[in-house]
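Quick notes on the structure that follows.
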Amino acid sequence: MRIATSDPVDLFVIGGGINGCGIARDASGRGLSVTLAEMGDLAQATSSSSTKLFHGGLRYLEYFEFRLVREALEERETLLVAMPHISWPMRFVLPYHEDMRFESNTPVSRILGRLMPWLKGRRPAWLIRAALYTYDHMGGRKILPPARTLDLTRDPAGRALKPKFTHAYEYSDCWVEDSRLVVLNARDAEARGATVLVQTKVISAERRGDLWHVVTEGPEGRAEHRARALVNAGGPWVEDVIRNTLRINSSEGVRLVRGSHIVTKRLFDHDRCYFFQGTDGRIIFAIPYEQDFTLIGTTDHDHKGPPGSATCTPEEQDYLCAFASEYFAKPVTRDDIVWTYSGVRPLYNDGAKSATAATRDYVLSLDENGPPLLNVFGGKITTYRRLAESALARLAPHFPQAKPAWTARVALPGGDFPQGDVAALTARLQADHGFLTPAWAARLIRAYGTEAWQVLRGACNAVELGRDFGATLTEAEVDWLMQREYARTAEDVIWRRSKLGLRMTVEETNALAAYMRSAQDRALSPAAEGGR
């Protein structure tokens, strides 16, 4: 077994999801030495299976999660400035009708049940207006427009809905490319000195004196690392890491909640999202997705079994289709589905009776029985940066040399341009590379921002980009993803670094996989290229 480095690092981070990569980036920028190990691909689990929203969580107001909602609302615009290529404002249309119901065990539903029993669980219009007013004003909104009412008999958003929906509310939240967010945090961490290891599993970790000794198994075999502090950001595996990898007895744990989504053929012809409320108290979103599709989700079910086994069950598909069909004029059926995905949220086990009621807030547990161990429970993608700041604050007494917090509004790779300038940047990329179609140029800017020029390598025509794998994916882009963005398999490229899997054939995917295997066999890797 080889020794990874002669000197111990300050932090060793287990887990390459958004929390692990966010903490690694923050710590590296403060001058701490960091190693991060991810057993699979970055964002392979929960962080690539979200509903792709930077949002405050309007429904969390019903649970009186005011601190969580305020923090998330504040973060929306902070993050929009830092990543204008992979995140953008979106308007949400909330149709109203009198049959809307609360989820039965929320604090608000219980209070109204006692004070206004004649409502019989219904969400009154005045309460929705009050919630939207609160949502608009509690987070310091400056960029995003405020809520307003809509007449669905005249507004284009009403055309796709059943005629009974004549009134709606419209409010602001944001979209985010979740997998790319994780990768860009990892890249920025590495640019600031961190070591990022993918396909590298932590086999064991134990305290010896003032240091953690961590054993990993990766492509180059087993290695031992030493660190002054250990961060367990294992996501759905956080409890397993505590009990089976670190062999520590703990009463803390996670509640695994499965959230499933379906992607259908495009169901409406505008760029706004729908927020649908069901008669069972649940809510779902129907979101414009990848230009030609609609994303519908999510469910909330307690998940049994290994975290990596989550799939969108036939029952969940039927539920989402039926839920959406209560609103859309044309029923949504299983025949409309082109793809499904499911992820497991590692919610802190707070003893809530239902999966829907379990807290979405994060919990940071610091074990100082020797060199420090920070366990990260829960969290949501919108507040990942604040979670990372809180994690470093908890560890600060052990690292007095660390610099202060710094990540607010600091651009991620490719995001160094003004928020709102995506169209102008896309036009400039197309002007500089006349062979690009508008859709191709837009995809590259939305993925890479100002780095799109580097991805294209100064090519004057498509031939200079090398092999065409289909759906505008070229050899030049694949090389970039392998050399700069940790991609190792075709799945990494077409389902996490992009969603081109929606457009590529089986034959094209197989050809991509063969090319990537061959490239790795030729040692075309970040190390061989002198690093990312």
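- Judged by distance alone, with hydrogens and angles left aside, the side-chain atoms of T216 form no donor-acceptor pair with the main-chain N or O of V202 at under 3.5 Å.
- With respect to the salt-bridge test (charged N to carboxylate O, under 4.0 angstrom), the residues D367 and R207 qualify.
- A donor-acceptor distance shorter than 3.5 angstrom exists from the side chain of S390 to the backbone of R386, with no hydrogens or angles considered.
- Judged by the 6.0 Å and 45° rule, K499 forms no cation-pi pair with Y341.
- With respect to the salt-bridge test (charged N to carboxylate O, under 4.0 angstrom), the residues R222 and E217 qualify.
- Cation-pi geometry between R76 and Y135 is satisfied (NZ or CZ under 6.0 Å from the ring centre, within 45° of the ring normal).
- With respect to D300 and R345, a salt bridge is recorded, a charged nitrogen being found less than 4.0 Å from a carboxylate O.
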**OP:** Determine, step by step, whether R385 and E75 satisfy the salt bridge (charged side-chain N to carboxylate O under 4.0 Å, His left out) criterion, reporting the C-alpha distance in whole Å, the side-chain angles of both residues, the deciding distance to 0.1 Å, and the verdict.
**Re:** CA-CA 8 Å; R385 192 195 65 82; E75 281 297 281; 2.8 Å; yes
Exercise for review: Please lay out, stage by stage, how L412 and R25 fare under the test side-chain contact (heavy atoms from CB on, under 4.5 Å).
Suggested key: CA-CA 10 Å; L412 286 167; R25 180 196 183 217; 3.5 Å; yes
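- With contacts defined as side-chain heavy-atom distances shorter than 4.5 Å, the pair P307/W237 qualifies.
- A salt bridge does not link D521 to R517: none of the charged side-chain nitrogens sits closer than 4.0 Å to a carboxylate oxygen.
- For the pair R497 and W480, the NZ or CZ position fails the cation-pi test of under 6.0 Å to the six-membered ring centre and within 45 degrees of the ring normal.
- Salt bridge status for R496 with D492: present, with a side-chain N to carboxylate O gap under 4.0 Å.
- The aromatic rings of H301 and Y319 sit perpendicular to each other, their planes meeting at more than 60°, with 30° as the lower class boundary.
- Side-chain contact annotation: S50 with D178, donor-acceptor N/O pair under 3.5 Å present.
- In summary, R208 and E206 engage in a salt bridge, as defined by a charged side-chain N under 4.0 Å from a carboxylate O.
- Ion pairing of E74 with K142 is absent here, as no side-chain N (NZ or NE/NH1/NH2) approaches a carboxylate O to less than 4.0 Å.
- By the 4.0 Å N-to-carboxylate-O rule, R457 lies close enough to D479 to be salt-bridged with it.
- Ion pairing between D41 and R488 fails under the 4.0 Å rule for side-chain N and carboxylate O.
- In this structure, T78 has no side-chain hydrogen bond (donor to acceptor under 3.5 Å, both in side chains) partners at least two apart in sequence or on a different chain.
- A salt bridge between R484 and E190 is absent, with no side-chain N of the basic residue lying under 4.0 Å from a carboxylate O of the acidic one.
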Discussion item. Please determine whether ring-ring contact (aromatic ring centres under 6.0 Å, His included) holds for the pair Y515 and F469, giving the CA-CA distance in whole Å, both sets of side-chain angles, and the decisive distance to 0.1 Å.
Written reply: CA-CA 10 Å; Y515 172 80; F469 293 102; 5.4 Å; yes
